[in-house]
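Structure first, commentary second.
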Amino acid sequence: MAPRLPLPFDALPATGALVVGFSGGLDSSALLHALALEPAARARGLRAVHVHHGLHADAGQWAAHCQAQARAWDVPLQVIEVQVPRDAGLGLEGAAREARYAALLSTLEPGDVLATAHHLDDQAETFLLRALRASGPEGLGAMRPLRRRGHAWQWRPLLELPRTTLLDYAGEHGLEWIEDPSNLHPDPDRNFLRLQLLPLLRQRWPHAAAALARSAELCAQADALLADADAQLLREHTGEDPHTLPVSPLETQPPERRARLLRRWVRELGLPRLPGHAVERIERELLAARADARPCFAWAGARIERWGDLLHADREREPLSSSWSVAWDGLEPLHLPDGGLLQLHDGRGAPVPGFDAPLRVHARQGGERITLPGRSHSHALKHVLQERAVPPWRRRHLPLLSDAEGKVLAAGDAIQACALAQWLDARGWQLAWQPPGSGTAR
């Protein structure tokens, strides 16, 4: 009887479907085949997903191979075609990896488990790459066996097995797999380590990969201890908006702790990992900046900017176009072109009959004025925004509401003209604006 791979099911959360990222290569073929033999995996609704990048001439044949294998093992397979952006600042390999994970995670329901076929040799390569990039304990901890991925989980059940074990398993079960020719070229960096450096290390230290993987495990343990304190500090210093972090408490921490807090903050927001030089630049260009400066650090489609005593981190988002304008009656939520949302409701979220007459929703042009409640004359909206301490990342997306005569009635939901405020109060209604990326109307 052909042997089975040892799979640590006891490490999994109790519920959630099991979804395998299936490229068709040796590693994922061994993993999917091994899981298909396990009643425990079948009981969790085992299925697979293949991401079709279209980056190789044979990509269509690879997808067909994966479909044939999945049918043979009686595992449902979903094939997702993606377009890999070549100008995302991540390099082709990095952009393909981001697109692949985005596609895989898009198929998961809350609590589902994405199983990927990373093994011990992958762990050793990752440790070396992180070390060469001057990573600390968090980075040197490399790949964790089980980690959160948004609303789901990622499980790496093969991390303790060398690739030779997977190769033996595939041979004993007569498996067929795809050989991606790009893996044979000593570029990018990971392939250089795999094809040249690690074989050289094994000549002198036969168990080099296992030793490096063990070092990664020890670093992960040390990082877990530090992470508890990081999480507590972030909870203490992030307020209602998790995208903002006050500078003053950061400055009371030693540089090493600040670096960890910044990296954890960015990670918890789901932003791309900060590059190796990022913390040094944030320290020099943002934390050390004058209070009235507006410095910014951008990377991989994300940015951190400073305003006053606040740091703000988010993805790069296009502001509302100055030429954008639309009529809105308030009956239905209004989806804004930048991803934001305007709603008129009864204070409990229920819809209302709308405005007496449609209002115009538009972006700021400059020079607008507004008459606030309790005031007899109008004020420059620019000055009101400054007085109310509306940060620049809100101003860039702030929708204005004007009446038929062009009078500004509201800027978002926090600044309302006297006429609109009285009209809403008389009905017990509320205007709610959800800025892009905030998740909920406020």
Side-chain angles (χ1 to χ4, degrees), residues 5 7-25 27-54 62-63 66-67 69-85 95-118 143-159 231 242-243 264 266-273 301-302 314-315 333 335 339-341 343 349 434 436-441:
L5 293 178
L7 300 172
F9 284 101
D10 56 347
L12 287 178
T15 59
L18 192 56
V19 184
V20 179
F22 185 36
S23 69
D27 308 337
S28 64
S29 295
L31 176 59
L32 183 58
H33 181 271
L35 286 170
L37 296 177
E38 296 289 344
R42 296 279 186 185
R44 298 186 67 132
L46 177 66
R47 57 188 174 89
V49 180
H50 174 78
V51 179
H52 185 333
H53 295 99
W62 297 346
C66 290
Q67 289 171 321
Q69 291 289 67
R71 279 195 302 269
W73 301 333
D74 193 26
V75 176
L77 175 72
Q78 179 182 3
V79 176
I80 302 178
E81 295 190 20
V82 298
Q83 296 292 325
V84 178
R97 182 173 58 253
E98 289 287 321
R100 180 168 64 253
Y101 271 109
L104 291 170
L105 294 174
S106 72
T107 69
L108 304 180
E109 297 294 330
D112 283 356
V113 178
L114 172 66
T116 55
H118 301 100
M143 296 180 286
R144 277 38 170 195
L146 184 69
R147 61 166 291 195
R148 271 286 185 186
R149 278 283 192 173
H151 59 263
W153 297 88
Q154 183 176 8
W155 182 41
R156 298 181 174 100
L158 307 180
L159 272 187
H243 288 267
R264 184 183 181 96
V266 165
R267 185 173 71 250
E268 289 187 354
L269 292 174
L271 301 178
R273 183 184 295 271
D314 199 359
R315 296 190 180 275
H335 293 272
L341 186 73
Q343 293 176 273
Q434 175 184 310
S438 64
T440 56

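For clarity, every value in this text was computed on a predicted model and none was experimentally measured. Position 1 is the first residue of the sequence, and the numbers go up from there.
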- prompt: Among all residues two or more places apart in sequence or in another chain, which pass the side-chain contact (heavy atoms from CB on, under 4.5 Å) test with Asp27?
  reply: Ala117, His119, Asp122, Arg163, Leu166
task: Applying side chain to side chain contact (heavy atoms under 4.5 Å, CB included) between Leu31 and each of Thr116, Leu5, Val20, report the one that passes.
output: Val20
task: State which residues pass side-chain hydrogen bond (donor to acceptor under 3.5 Å, both in side chains) with Arg273; sequence neighbours excluded, sorted by chain then number.
output: none
query: What residues form a side-chain contact (heavy atoms from CB on, under 4.5 Å) with Arg267, not counting sequence neighbours?
result: Glu138, Arg264
Qualifying residues under ring pair (Phe, Tyr, Trp, His ring centres under 6.0 Å), relative to Tyr101, sequence neighbours excluded: none
query: Do you know the tightest heavy-atom contact between Pro272 and Val266?
result: O-CG1, 3.5 Å
- request: I would like to know whether Leu159 and Met143 meet side-chain contact (heavy atoms from CB on, under 4.5 Å); could you show each step before the answer?
  value: CA-CA 8 Å; Leu159 272 187; Met143 296 180 286; 4.2 Å; yes
- prompt: Under the salt bridge (Lys or Arg N to Asp or Glu O under 4.0 Å) test, which residues partner Arg71, sequence neighbours left out?
  reply: none
query: Would you say Trp62 and Ser23 make side-chain contact, with heavy atoms under 4.5 Å?
result: no
Interatomic spacing from CG in Leu35 to CZ in Phe22 - rounded to 0.5 Å: 11.5 Å
task: Please round to the nearest 0.5 Å and tell me the distance separating atom CD of Gln78 and atom OG of Ser106.
output: 7.0 Å
statement: For Ser28 and Gly21, the nearest pair of non-hydrogen atoms, with its separation, is CB-O, 3.6 Å
message: Treating Asp112 as the side-chain partner and Ala152 as the backbone partner, does any N or O pair qualify as donor plus acceptor under 3.5 Å?
response: no
side-chain contact (heavy atoms from CB on, under 4.5 Å) partners of Pro242, counting only residues at least two apart: Leu269
field: Ser29: partners by side-chain hydrogen bond (donor to acceptor under 3.5 Å, both in side chains), with sequence neighbours left out
entry: none
message: Are the side chains of Val79 and Leu77 in contact, using a 4.5 Å heavy-atom criterion?
response: yes
- request: Sequence neighbours left out, what passes salt bridge (Lys or Arg N to Asp or Glu O under 4.0 Å) with Arg144? Give chain and number order.
  value: Asp223
message: If I take atom CZ from residue Arg148 and atom CH2 from residue Trp153, how far apart are they, to the nearest 0.5 angstrom?
response: 4.5 Å
task: Could you tell me the separation between the NE2 atom of His52 and the CD atom of Gln83, rounded to the nearest 0.5 Å?
output: 10.0 Å
- line: Output for pair (Arg100 CZ, Leu105 CG), nearest 0.5 Å, gives 11.5 Å
- request: List the atom of Ala11, the atom of Leu146, and the distance in Å for their closest heavy-atom pair.
  value: O-CD2, 3.2 Å
Side-chain donor-acceptor distances from residues 38-49 under 3.5 Å, at least two apart:
unit_1 : atom_1 : unit_2 : atom_2 : d
Arg42  : NE     : Ala36  : O      : 3.1
Arg42  : NH1    : Asp74  : O      : 2.6
Arg42  : NH2    : Ala36  : O      : 3.3
Arg42  : NH2    : Trp73  : O      : 2.6
Arg44  : NE     : Gly16  : O      : 3.1
Arg44  : NH1    : Pro13  : O      : 2.9
Arg44  : NH2    : Pro13  : O      : 3.1
Arg44  : NH2    : Thr15  : O      : 2.8
Arg44  : NH2    : Gly16  : O      : 3.1
Arg47  : NH2    : Thr107 : O      : 3.0

field: Closest contact, heavy atoms only, Arg315 versus Gly270
entry: NH2-O, 2.8 Å
- prompt: Is a donor on one side and an acceptor on the other found under 3.5 Å between the side chain of Arg156 and the backbone of Arg147?
  reply: no
- prompt: Got a sec, which residues hit ring pair (Phe, Tyr, Trp, His ring centres under 6.0 Å) with His118, two or more places apart in sequence or on another chain?
  reply: none
- request: State, to 0.1 Å, how close Pro333 and Gln343 come at their nearest heavy-atom pair, and which atoms those are.
  value: CB-CG, 3.8 Å
query: Taking only residues two or more places apart in sequence or in another chain, which ones pass side-chain hydrogen bond (donor to acceptor under 3.5 Å, both in side chains) with Gln67?
result: none
- prompt: Listed by chain and number, what are the side-chain hydrogen bond (donor to acceptor under 3.5 Å, both in side chains) partners of Glu81, not counting sequence neighbours?
  reply: none
